[in-house]
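Reviewing the structure listed below.
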Amino acid sequence: MRVLLVGAGGVGTAVTRIAARRPFFELMVVADYDPARAEAAVAALGADGDRFRAERVDAGDEAQVAALLEQHGCDVLLNATDPRFVMPLFRAARAGGAAYLDMAMSLSRPHGERPYEECGVKLGDEQFAQAAAWEEAGLLALVGMGVEPGLSDVFARYAADELFDEIEEIGVRDGADLTVDGYDFAPSFNIWTTIEECLNPPVVYEKDRGWFTTEPFSEPEVFDFPEGIGPVECVNVEHEEVLLVPRWVDARRVTFKYGLGREFTDTLRTLHLLGLDRTEPVTVPGPDGPVKVSPRDVVAACLPDPATLGDRMRGKTCAGTWVRGTKDGAPREVYLYHVVDNQWSMSEYGCQAVVWQTAVNPVVALELLAAGAWSGAGVLGPEAFPAGPFLDLLTAYGSPWGLREQ
């Protein structure tokens, strides 16, 4: 397998460090708009970097990406950029005859008149609209293959196949007790993506109703997370699992709730109130005359890069899937989860917990594709594949998952 990894930020760098320990690929080309970031990611691997090569690429230039795929004979493109570049990279992969993996799907657009009741353009709609073309080309686009979405979807598939006869609800629940020394507000993941998913209308799925939306931060609940994290208030947030799981798993209701905490939600509400979550450029004065800038890009530039905060972080992060239904005629309720301790991920890989947890899952998926344990054509989510091989390999990577009866 020859891989083109686009994006050498926190998650992309973690991908290289995890993949360097595995023998399943021949070459991984690490490409970024900033060549210094790509070169730094490869250089940090030292003697383990023989199978890696750094390149510069503009993720928004489809022709340039397709040419890079051809130049290095890559048969798969792994997208580790932010969601704005999903569609150009998705199209470039098919143009270059390569399989495609991402960790977030194409962006949504709220309904123009009833944003908190009806869906407009849903997450992933643009990609699924091209599913037939991918299938006809005999190519696979594996979308939403991070941790959430990604591992959480694998958990949903496992629950449906192994743990339940009928499922009432699948609810992805994400929480952490992470703190960052020296910062009152320092998100542990890309703030651009965090704003996008937290301030857009959350989507809920019900079998008799289909997909519909609610207001941001709706339906708060306290969820008790395992391994010492404890109770965290979780709220509805727009996320890919709600759009993916019902396509392949039979459940009466699917939700996603994120353990943001009151301070974080208040900060996001303030950004929205001030218009600082907007992506459309505004004109501001500059030393050489007026310049156009995106308010959200300014917010991101003012905050520390999450990938650089590992040494200051303390605590654990948990991603998991809560499932309620019946087995052998009796009610059952379980939480399947994956916890990463920041102290472990920093000492073992030099990566903070959230980016490491995100990065390990696409690497596991790549290895399954390379071995033929997962295969297919078209635009498919993680729940379209058997869960057992993935969970077994994740454990073999030294990062086991857990199951708690509720």
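If you're wondering where the values come from, they're calculated on a predicted model, not measured in any experiment.
- Taking the ring centre of F24 as origin, the terminal cationic atom of R22 falls outside the region bounded by 6.0 Å and 45° from the ring axis.
- If you look at W248 and F385, their ring centroids are not closer than 6.0 Å.
- Each of F128, Y100, F85 was scored for a ring-ring contact (aromatic ring centres under 6.0 Å, His included) with F90, with one residue passing: Y100.
- Between E238 and R109, none of the side-chain N atoms (NZ, or NE/NH1/NH2) sits under 4.0 Å from a carboxylate O, so this pair counts as no salt bridge.
- Seen from the ring of Y33, R56 counts as a face-on cation partner, given the 6.0 Å and 45° thresholds.
- Salt bridge status for E26 with R51: absent, with no side-chain N to carboxylate O gap under 4.0 Å.
- Between D181 and R314 there is a salt bridge, since at least one side-chain N of the basic residue sits less than 4.0 Å from a carboxylate O of the acidic one.
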Residue pair D250, K207: steps toward the salt bridge (charged side-chain N to carboxylate O under 4.0 Å, His left out) verdict:
CA-CA 9 Å; D250 187 15; K207 193 170 185 178; 2.8 Å; yes

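- Looking at D165 and T326, their side chains never bring a donor and an acceptor atom within 3.5 Å of each other.
- Checked against the 6.0 Å centroid criterion, the rings of F223 and W322 do not qualify as a close aromatic pair.
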Please evaluate residues Q352 and D311 with respect to the criterion side chain to side chain donor-acceptor pair (under 3.5 Å), reporting the C-alpha separation (whole Å), side-chain torsions for both, the decisive distance (0.1 Å), and the verdict.
CA-CA 8 Å; Q352 58 104 317; D311 290 332; over 6 Å; no

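- Of the charged side-chain nitrogens involved, none lies within less than 4.0 Å of a carboxylate oxygen, so that E383 and R247 do not count as a salt-bridged pair.
- Judged by the 6.0 Å and 45° rule, R252 forms no cation-pi pair with Y205.
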Report the C-alpha separation of F390 and N361 in whole Å, then their side-chain angles, then the decisive distance to 0.1 Å, and conclude whether the side chain to side chain contact (heavy atoms under 4.5 Å, CB included) test is met.
CA-CA 9 Å; F390 188 99; N361 295 287; 3.4 Å; yes

